[in-house]
Amino acid sequence: MSKPLSLRLPALMLLPALLSGCLEQPSVEQQAARIVEQMSVREKIGQKIMMAFRYWCPDDQPACTAGMTELPDAASRALRDNAIGGVILFANNLSDLQQTRRLSEQIRRARPQNSPVSLLIGSDQEGGNVFRLPRPLATSFPGNMALGAAYQATRDSGLARDSGRVLAAEIRAVGFNVNFAPDVDVNSNPLNPVINVRAYGDDPATISLLGQATTQGMREQGVIGSFKHFPGHGDTATDSHYGLPVVNKSRADAYAIDLAPYRQAIASGQPPEMIMTAHIQYPALDSSQITARNGERMIAPATMSRKIQHDLLRGEMRYQGVTVTDALDMKGISDFFEQADAVIKVFQADVDIALMPTEFRTAAQAGRLRQLIDQVAAAVADGRIDRAELDRSVRRIVAMKLRNEVTPAGEAKPLPALSTIGGAEHRAVEDKITRQSITLLRNQGAALPLRSPSQRIFILTPWGEQAEAMRRRFDEKGYRQVSGAKLSATPWEAQKQAIDQADVVVIGTLATGVSPVERNGDPNAPAIAPRMKRSLQAEPSPAAGNGSLVFNVAEDLPALRTRFARSLSAPPLSEAQQMRNAMEYAKRQGKKLIHVTLRAPYDVINYDDLADATLATYAYYGYENGLRGPSMPALVDVMLGANPPGGKLPVAIHALDENGQPGALRYARGFGLSF
């Protein structure tokens, strides 16, 4: 029976000293191999697991949703006793900067005694609508599609490098060493509910360039970046938090579009250190079937596909870095597989790290982690998981940790000062990207810029914080007769009265609703009062499958597109229809009408027959107990002519026919007006 790693490692730790007199130091790969040789099977499995602790509850209230902001003893012991390789944190773990730094330190201390490697501590700090640090405190950026718009205008990939550097520096200051970003999906489906503005755009070459520049900036700050979601989540109409999407592209299109950012980055010699998998079915890449928990056969999700993860990514594309699953609690996986079975299938596919494979919220539930590892270890013992492949996988993980000083020695180095977070230098980068991203799509009769501070302006937006941020900026610029309203809190008669009293009406719209990835990443969280309705598509059903090829039933994309095309004749409660009603009334009253598309700009086609001017921001956060995003003030500055509209579209926008099929090109990629 082998001794625990913590008892065997002191001698191993002497290796650098013993070798210091030699002419050549062992390579990182050699050091990793020696470390892995000393591990037991359970310790190897532990290194391949990243846990989450969104919530922590009393034993008698296991379903509570209290955010875990201090690491409980039971969680610390579970991490240490099972030699767990890492932890991911979410927004409800992070209440303030000092607390976040304390929590990350507690997690680092939860490694086995004398271990030569420490824990990966990661988060989804993409910028824009997926952001985990407290928004008013940190530099949040307008997001990837805004960055794509700024790049289309400037052709300056240094913007992406700078954004990666700032995002990484700020999470590094509170103790993170992994950022699950950037998203390099090619958003080729305007109905995409989960990627959308998280993509840089719809051009694979641009996405690869900006993704590489972003990870380079992160690397400069000592943070491991991660391309996601392999092999490509950009052409889906289902959110994998709710169901299992299918991508129906041909194999040729898969290579030309979805796989291209990964292939180009790997071929460049500067691949990302980590790649995250997608919970999607991609039959053109792998149509083989596996068995779900109910005994039915289904096409293998990419996360569990050996053809995709091993044969394609590692074999054909020759990727040598670390792979990690998307969260295994997402319904695209958890609805169809038991936890241990999911992890075994993931490892059989040759994915390195299982992200969030199990959850425990109480001290009494902590044994779930040990039980999971027992089941995976049994799969190693009986040959279902190949031992040699297991070793190669753990060597990749350990080597990545050594290269990035995720070690006790690395932890001894001081972190960047907390004062760098949201500091002037970082805000300047945020401001530059934001101002260069705002895109003018329509300006009939030179409706913009606005010239008279005496004009009465009414702003109607899906969220109150958007109108409030704009109102505050107008006020700063000397426009005193500005009012704002939240759509759902403003009855129709009140909307009409406000429009009647205004000279200029500004109406904001959101092309799609909020995905769980934007609200703390938890698909199982209790439902919250919806802040908006989906305007381009129906709400996703929580029912298993969500219309995918889960059990070999094709996803009905024409039907989805038909619903999109008919969204303007939806019931009165449709947000899209309410906004159009307000616009039509404003036009009848002879008001100057400015439309702002606050998310992905595809919904411009719903309203450009009415709007005098249309602006795209690609971002929708405003002012709520502080400014939560930079785009609303920058938008107002463009409306007033204080800043020119510098952005160019990073996506092509097509008209849709009555059947919801793409028609004539309405706005080309690269389009953008100026004053």
Side-chain angles (χ1 to χ4, degrees), residues 128 142-155 160 183-211 232-237 247-250 252-261 264 436-443 509-512 535-537 557-558 560-561 564-565 567 595-609 611 614-619 645-674:
N144 277 359
M145 195 169 283
L147 181 56
Y151 174 76
Q152 286 290 334
T154 64
R155 296 294 166 177
D183 190 313
V184 296
D185 293 308
V186 181
N187 200 70
S188 51
N189 187 345
L191 293 170
N192 200 319
V194 63
I195 304 304
N196 208 268
V197 292
R198 297 167 64 198
Y200 294 112
D202 62 9
D203 175 54
T206 298
I207 289 168
S208 180
L209 175 67
L210 298 182
H233 211 312
D235 191 14
T236 61
V247 176
N248 283 312
K249 278 186 168 67
S250 68
D253 284 346
Y255 276 76
I257 300 172
D258 289 334
L259 296 174
Q264 291 169 20
Q436 292 178 331
S437 70
I438 305 297
T439 307
L440 181 63
L441 298 176
R442 184 177 175 83
N443 195 23
T509 62
L510 289 157
T512 58
S535 61
L536 298 188
Q537 62 197 83
L557 291 178
L560 287 170
R561 291 195 174 104
F564 170 36
S567 65
H595 171 219
V596 181
T597 174
L598 293 165
R599 194 177 166 102
Y602 301 108
D603 65 340
V604 62
I605 64 174
N606 287 11
Y607 310 103
D608 63 0
D609 60 322
T614 302
L615 289 156
T617 65
Y618 315 96
K648 304 292 184 183
L649 276 178
V651 295
I653 301 176
H654 293 260
L656 296 181
D657 64 24
E658 62 181 7
N659 295 315
Q661 299 302 312
L665 179 67
R666 186 82 67 86
Y667 299 93
R669 184 193 310 123
F671 177 82
L673 301 174
S674 59

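Values below: every heavy atom of this structure, side chains too, minus hydrogens, waters and symmetry copies.
- Contact record, A237 with P193: C-CD, 3.7 Å, taken as the closest heavy-atom pair.
- In the model, Y200 has no side-chain atom that pairs as donor or acceptor with a side-chain atom of D183 under 3.5 Å.
- Residues Y618 and T439 have side chains that bring a donor and an acceptor to within less than 3.5 angstrom of each other.
- The main-chain N or O of A619 is never found under 3.5 Å from a side-chain atom of R599 such that the two would form a donor-acceptor pair.
- Contact detail for A611 and R442: the closest heavy-atom pair is O-NE, 2.6 Å.
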* H595 and T614: CA distance, side-chain angles, deciding distance, side chain to side chain contact (heavy atoms under 4.5 Å, CB included) verdict -> CA-CA 5 Å; H595 171 219; T614 302; 3.6 Å; yes
* Asked: What's the verdict on side chain to side chain contact (heavy atoms under 4.5 Å, CB included) for V651 and M145, showing C-alpha distance, side-chain angles and the deciding distance?
  -> CA-CA 9 Å; V651 295; M145 195 169 283; 3.9 Å; yes
* Stepwise side chain to side chain contact (heavy atoms under 4.5 Å, CB included) check, L615 with L441 -> CA-CA 6 Å; L615 289 156; L441 298 176; over 6 Å; no
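- Taking the side chain as every heavy atom from C-beta outward, P601 and I653 approach each other to under 4.5 Å.
- Once rounded to the nearest 0.5 Å, the distance linking NE2 of H233 with CD1 of I195 reads 5.5 Å.
- For the atom pair R666 CZ and H654 NE2, the distance stands at 11.0 Å (nearest 0.5 Å).
- The main-chain N or O of A150 is found under 3.5 Å from a side-chain atom of T154 such that the two form a donor-acceptor pair.
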* Passes side-chain hydrogen bond (donor to acceptor under 3.5 Å, both in side chains), S188 versus D202? Steps please. -> CA-CA 6 Å; S188 51; D202 62 9; over 6 Å; no
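- Salt bridge annotation for R198-D185: absent, with no cationic side-chain nitrogen under 4.0 angstrom from a carboxylate oxygen.
- In this structure, CG in N144 is found 11.0 Å from CG in N187, a value given to the nearest 0.5 Å.
- Put simply, the side chain of K648 gets close to the backbone of G672: a donor and an acceptor are under 3.5 Å apart.
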* **Check against side chain to side chain contact (heavy atoms under 4.5 Å, CB included), I257 and K249** => CA-CA 9 Å; I257 300 172; K249 278 186 168 67; 3.6 Å; yes
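- For the atom pair CD1 of I438 and CG of L440, the computed distance is 10.5 Å after rounding to the nearest 0.5 Å.
- Inspection of the Y602 and N192 side chains reveals no N or O donor paired with an N or O acceptor under 3.5 Å.
- Residues D603 and T509 have side chains that bring a donor and an acceptor to within less than 3.5 angstrom of each other.
- The shortest non-hydrogen separation linking G232 to D258 is CA-CB, 4.0 Å.
- Of all non-hydrogen atoms in G646 and A153, the two that sit nearest each other are O-CB, 2.8 Å.
- Here the CG-CG distance, from N189 to D235, works out to 5.0 Å after rounding to the nearest 0.5 Å.
- In this structure, the separation between CG on D203 and CD on Q152 is 7.0 Å, given to the nearest 0.5 Å.
- Contact record, P261 with P204: CG-O, 4.0 Å, taken as the closest heavy-atom pair.
- Closest of all the heavy-atom pairs between N196 and A600 is OD1-CB, 3.0 Å.
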